[in-house]
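I have placed the structure first, in the form of structure tokens, so that the comments after it can refer back to it.
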Protein chains: 2
Amino acid sequence: MSPAMPPRTRGPKPHKVEADQLLDAAQVVFAREGLRPASLRAIAREAGCDPALIYYHFDSKEAMFTALLDRRVPPLVEALKRIADPADLRATPLRLWSVMGAFHRHLSHDPGFRSLVRGEIVRGAEGIQARIQTYLGGAAQQVRGVLEQGIARGEVRPGLPPFLATFFLVRLHLEILDLLPVVAPQILGLEERPDLATAERTWLQLYWRGIATDPAAPCPPLPAFDA
Amino acid sequence: MSPAMPPRTRGPKPHKVEADQLLDAAQVVFAREGLRPASLRAIAREAGCDPALIYYHFDSKEAMFTALLDRRVPPLVEALKRIADPADLRATPLRLWSVMGAFHRHLSHDPGFRSLVRGEIVRGAEGIQARIQTYLGGAAQQVRGVLEQGIARGEVRPGLPPFLATFFLVRLHLEILDLLPVVAPQILGLEERPDLATAERTWLQLYWRGIATDPAAPCPPLPAFDA
DNA sequence: TCAATAATTCAACAGTCGTTGAATTGGAGC
DNA sequence: GCTCCAATTCAACGACTGTTGAATTATTGA
């Protein structure tokens, strides 16, 4: 008897594994475990292939992460650019609400992914930090543009450093998306999950009162994001 | 010739390595590399001892982390309790400023440590999450108390959910401490480092305008933290 | 002076990691 | 039908991981 030949598993599969599918798997595992703890073997398992296949499509684990950024961030920056167009004459709080909508739409599909990016900003490797900073610097500039136009139009009180205002608006919004769902039921001792949309609205209303030239003027009604 | 006996290195050292020193080292390494990537060998190297010695003082790597929490968080909670005492009749913004001062004092000595804790909240192991939540839940309750007293005294506008207001105040303050120094020069394209104290003041002033019953009434002058 | 103990290190364990080179296979082009 | 190539896997490398048990020593107590 021939010694029970192992099943022939090598060679091309019926359905080719595309680089995009590997990125999908990597995103899931990165988000779940973090960048360094995530193993290529776990990513491969998630994608249903061999770890070595990853090296057919990517140079390294870090290259997967930057490819992930390349896939996610540019559409966000494009959306922000449209909002920051000075031809947009809507009231500033509405434009800021659109900014939040862009972040919500482009970054909220993958829970954990933003936290991952945030962690790499704080203590990531050199190359990764540089890539992130290039991207997010572009995004921040657009938000800052909206705020500066708001000052020029007399709607935002001057004296407030625009870079701080940018940081406040965006960072707390992302913290709402990332941390509030985790923290609310347990740390804050909340019986029912808070509605994310309510939290986002509450934040913009508070923020707008804080930066408006006339804080007594109410914040205009904020539509739903997807509109 | 006797085969060059290795130097006798075993046995007690002239200066005993205390558990506290191991915690100091662990804090440094955890903060630099994160919880899972930090290796016991790296911690031992930082402490100048053998990795095995860690097991003489602690049960495991995770036990080191919870011990770290046990050392840092309770003093913060005590300070917050004093501020939240209803007998404290100072203006609410001043009390909130004291809250920020407590966080600043008790958590800002070790850059990276807060980020570590934050990361473990989001995706840490079960036991660690529970411990963190117990501690930080206590802290959050005190802050919430100050805000609710502010509402009762007519200084804070009602209708704002206190748990959201708590989350906003504390989270953005911690983001200022953690992220702003990293992000400001690079992502926001700032020529000069922003002054942390200025950023903290700016945040409380914006926040107070956002939550005060009378937003036109100016925020009282905020003293330096250490006073 | 001797035994006990506390504090420390050594050496090794079984496991996982990122990565690589070679082997294998199905399908496309000729 | 043959050849080539793209896609895939296998098996292994060396390095590193958390952890443990035994060995060692300085100090303490009797």
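Order of the sequence lines fixes the chain letters, A, B, ..., with proteins taken first and strands second; residue numbering starts at 1 for each chain.
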In whole Å, what is the span from the [atom1] atom of [X] to the [atom2] atom of [N]?
X: His57(B); N: dT9(C); atom1: NE2; atom2: C1'; answer: 13 Å
X: Gln21(B); N: dT8(C); atom1: CD; atom2: C1'; answer: 14 Å
X: Glu33(B); N: dC16(D); atom1: CD; atom2: C1'; answer: 13 Å
X: Phe58(B); N: dA7(C); atom1: CZ; atom2: P; answer: 13 Å
X: Ile54(B); N: dC10(C); atom1: CD1; atom2: P; answer: 14 Å
X: Leu53(B); N: dA11(C); atom1: CG; atom2: P; answer: 17 Å

Problem set entry | Derivation of the salt bridge (Lys or Arg N to Asp or Glu O under 4.0 Å) call for Asp24(B) and Arg71(B) | CA-CA 11 Å; Asp24(B) 290 339; Arg71(B) 195 172 67 159; 3.0 Å; yes

Exercise. Taking all non-hydrogen atoms of both residues, which atom of Ala84(A) and which atom of Gln149(A) are closest, and how far apart?
Worked result: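 Where Ala84(A) meets Gln149(A) most closely, the heavy atoms are O-NE2, 3.1 Å.
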
Tabulated below should be each protein N or O lying under 3.5 Å from an N or O of nucleotides 17-21 of chain D; please produce it.
residue : atom : partner  : partner atom : Å
dT17(D) : OP1  : Ser39(B) : OG           : 3.3
dG18(D) : OP1  : Ala38(B) : O            : 3.1
dG18(D) : OP1  : Lys61(B) : NZ           : 2.9
dG18(D) : OP2  : Leu40(B) : N            : 2.8
dG18(D) : N7   : Arg41(B) : NH1          : 2.8
dG18(D) : O6   : Arg41(B) : NH2          : 3.0
dT19(D) : OP2  : Tyr55(B) : OH           : 2.2
dT19(D) : OP2  : Lys61(B) : N            : 3.3
dT19(D) : O5'  : Tyr55(B) : OH           : 2.5

For this session: Would you please confirm or rule out a distance under 4.0 Å between OP1 or OP2 of dA7(D) and any side-chain N or O of Tyr56(A)?
Result: yes

Problem set entry | Candidate list Arg95(B), Arg82(B), Lys81(B), test salt bridge (charged side-chain N to carboxylate O under 4.0 Å, His left out), partner Asp88(B), passing option | Arg95(B)

Exercise. Between His173(B) and Phe225(B), how do the two ring planes meet: parallel, tilted or perpendicular, split at 30° and 60°?
Worked result: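 His173(B) and Phe225(B): tilted rings.
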
Only distances under 3.5 Å count here; give the side-chain donor-acceptor pairs of residues 131-139 of chain B to other protein atoms, sequence neighbours excluded, each with its distance to 0.1 Å.
residue   : atom : partner   : partner atom : Å
Arg131(B) : NH1  : Asp70(B)  : OD1          : 3.1
Arg131(B) : NH1  : Asp70(B)  : OD2          : 3.0
Gln133(B) : NE2  : Gln186(A) : OE1          : 2.9
Thr134(B) : OG1  : Ala130(B) : O            : 2.9
Tyr135(B) : OH   : Asp70(B)  : OD1          : 2.6

Exercise. Mind checking whether Leu40(A) and Tyr55(A) have side chains closer than 4.5 Å, heavy atoms only?
Worked result: yes

